[in-house]
Novice: 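Take a look at the following structure, please.
Chain A is the first sequence line, chain B the second, and so forth, proteins listed ahead of strands; every chain is numbered from 1.
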Protein chains: 2
Amino acid sequence: MEKKIPKPVVKRLGLYYRCLNRLYEEGIEFVASKDIAERLGIKSSQVRKDLSYFGEFGKRGVGYNTYELMNSLEKIIGVNKIWNVVVIGAGNIGSALVSYEGLKKEKFNIIGIFDADRSKVGKKIGKLQIKHISEIEEFFKKNIVEIAVIAVPENAAQLVVEKLEELGVKGLINFAPIKLRTKLPVEDVDITLSFKALSFKIERSLK
Amino acid sequence: MEKKIPKPVVKRLGLYYRCLNRLYEEGIEFVASKDIAERLGIKSSQVRKDLSYFGEFGKRGVGYNTYELMNSLEKIIGVNKIWNVVVIGAGNIGSALVSYEGLKKEKFNIIGIFDADRSKVGKKIGKLQIKHISEIEEFFKKNIVEIAVIAVPENAAQLVVEKLEELGVKGLINFAPIKLRTKLPVEDVDITLSFKALSFKIERSLK
DNA sequence: TAGATTGTTAATCGATTAACAATC
DNA sequence: TAGATTGTTAATCGATTAACAATC
């Protein structure tokens, strides 16, 4: 239990969770590591090994109870509760995130969006009104915010991060194309990198 | 040159390219692997090893010519030319992509967006008008399309993929939360997975 | 019981890193 | 020349996989 979890395992946890959700929706009561592996295009021993970092969830000869494993994964990942999220930057990416239903469905609840551009302030995106970045301290006094999304231009990102650290945010999703200097956990997202990787693969016809 | 490129290297190529662009903008003429590594938070020997898969780009005792390495990377990745892209699905994600400037800047040029919902057809996103999915064959006859973005609901994704394969697309960016069955190169993008990985890290305070 | 599938070990495979001769 | 930094090898580290005893 106190073992270090390999990075690739962390990435796969979300995939397992998603898969278990599907299986549950499909009304499948028990599932073997082999079935999960097949759906995900990986090896069954990898599924079992990955899960073994967190406990014993299966029954030999039977497999895993879909509902129970789904719930266990939910707790392991931490999506058994609602996370409060703010978005910094109301540009294309920030705005799109706010109206993205997928996030709320997964219990990531965007409760505020901020921008430095006063001409954007007051405008509504769905039910949320864009606030000026100077209002952020006030906002953090009134709300518990665990996660912040950095969706500001590259040159503003580091400053924003330092502010958010001060305010007590617990983790960051970073859309700015730079490496953030911070002690907080960060997940970097860069869609152009995916396009570039695809470009490379097409060129080499490597899959 | 005919060696197999490790997957992690493919992911880092885009980071190197981005870094070289910055260095070039900053007017830095020569750069050492140590400098690149520092900016990216990796080891200098990794930078050199990664580059060595594609040739010899540096001068011992001196480093790399920023401009030349940038250009070499451009060719290696395949972003030395414009890629034509269509987006399938004009929902939240598809629409956001079309108005996203970052893609065009990186030479990924979205030339069409399609949806199955007739009530959306004809609406404009930026300069692009949403077309009905039934018009896609016609569109492919008139245009060269290399990349397609799958931004349709999960249950429609596989069918769309088969259609696109038929039409001769060369690669896919997949936003649908399923594993696509295809022989084409695919890059999967799932933002909720990034949020889940962050959730896990916060819970374990593991970075 | 016989068949199935787990959890875990050990072997294999692959990626990262340190180290250094080559050389600018 | 002396100092710096490459490209590459070999050692290390980490992740995946096969295999199998345990057991439902």
Novice: I need the CD-C1' distance between E68(B) and dT6(D), as an integer number of Å.
Specialist: 15 Å
Novice: Are side-chain N/O atoms of R48(A) and S52(A) paired as donor and acceptor at under 3.5 Å?
Specialist: no
Novice: Throw together a table of side-chain donor-acceptor distances under 3.5 angstrom for residues 75-90 of chain B, partners on residues two or more places apart or in other chains.
Specialist:
{"from": "K81(B)", "atom 1": "NZ", "to": "E146(B)", "atom 2": "OE2", "distance (Å)": "3.4"}
{"from": "W83(B)", "atom 1": "NE1", "to": "S199(A)", "atom 2": "OG", "distance (Å)": "3.2"}
{"from": "W83(B)", "atom 1": "NE1", "to": "G78(B)", "atom 2": "O", "distance (Å)": "2.9"}
{"from": "N84(B)", "atom 1": "ND2", "to": "I144(B)", "atom 2": "O", "distance (Å)": "3.0"}

Novice: Does a side-chain N or O from S33(B) land closer than 4.0 Å to OP1 or OP2 of dT5(D), or not?
Specialist: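 No, outside the criterion.
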Novice: Taking all atoms of both residues into account, what is the closest heavy-atom pair of V186(B) and K201(A), and its distance?
Specialist: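 Closest approach of V186(B) to K201(A), heavy atoms only: O-NZ, 3.2 Å.
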Novice: For DNA chain C, report each stem as range with range, ordered by first number, or say none. Use Watson-Crick or G-U wobble pairs under 3.5 Å, at least 3 in a row.
Specialist: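 In DNA chain C, stems of three or more pairs: C:3-24 with D:3-24.
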Novice: Please report the distance, rounded to the nearest Å, between CG in D50(A) and P in dT16(D).
Specialist: 7 Å
Novice: Using a 4.0 Å cut-off on protein heavy atoms (strictly under), produce a 5'-to-3' string for nucleotides 17-24 of chain C with B for base contact, S for backbone-only sugar-phosphate contact, and - for none.
Specialist: BBB-BBBB
Novice: Of R12(A) and A32(B), whose closest DNA chain D nucleotide lies nearer the 5' terminus?
Specialist: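 The residue closer to the strand's 5' end, by nearest nucleotide, is A32(B).
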Novice: Find out whether I5(A) and L13(A) are in side-chain contact, i.e. whether some heavy atom of one side chain is under 4.5 Å from a heavy atom of the other.
Specialist: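 They are not in contact (no side-chain heavy atoms under 4.5 Å apart), so the answer is no.
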Novice: Looking at E101(A) and K104(A), is any side-chain nitrogen of the basic one under 4.0 Å from a carboxylate oxygen of the acidic one?
Specialist: no
Novice: How far apart are the closest heavy atoms of G91(A) and D115(A), and which atoms are they?
Specialist: N-OD2, 4.1 Å
Novice: Between dT8(C) atom C1' and L51(A) atom CG, what is the distance in whole Å?
Specialist: 13 Å
Novice: Can you tell me if the side-chain N/O atoms of Y64(A) get under 4.0 Å from OP1 or OP2 in dG7(C)?
Specialist: yes
Novice: Considering all heavy atoms of both residues, which atom of I93(B) and which atom of Y100(A) are nearest to each other, and what is their separation?
Specialist: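 The pair with the smallest heavy-atom distance is CD1-CE1, 3.8 Å.
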Novice: To the nearest Å, how far apart are F57(B) CZ and dG7(D) C1'?
Specialist: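 Computing the F57(B):CZ to dG7(D):C1' distance gives 12 Å.
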Novice: For dG7(D) and S52(B) - does any side-chain N or O of the residue sit under 4.0 Å from the phosphate oxygens OP1/OP2?
Specialist: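 Result: no.
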Novice: Is R22(B) salt-bridged to E154(A), going by a charged N under 4.0 Å from an acidic O?
Specialist: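 So R22(B) pairs with E154(A) through a salt bridge.
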Novice: Tell me the closest heavy-atom pair linking T66(B) and L20(B), and the distance in Å.
Specialist: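 So the two residues come closest at O-CD1, 3.4 Å.
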Novice: Atom NZ of K7(A) to atom C1' of dT16(C): distance rounded to whole Å?
Specialist: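 Nearest whole value for this atom pair: 11 Å.
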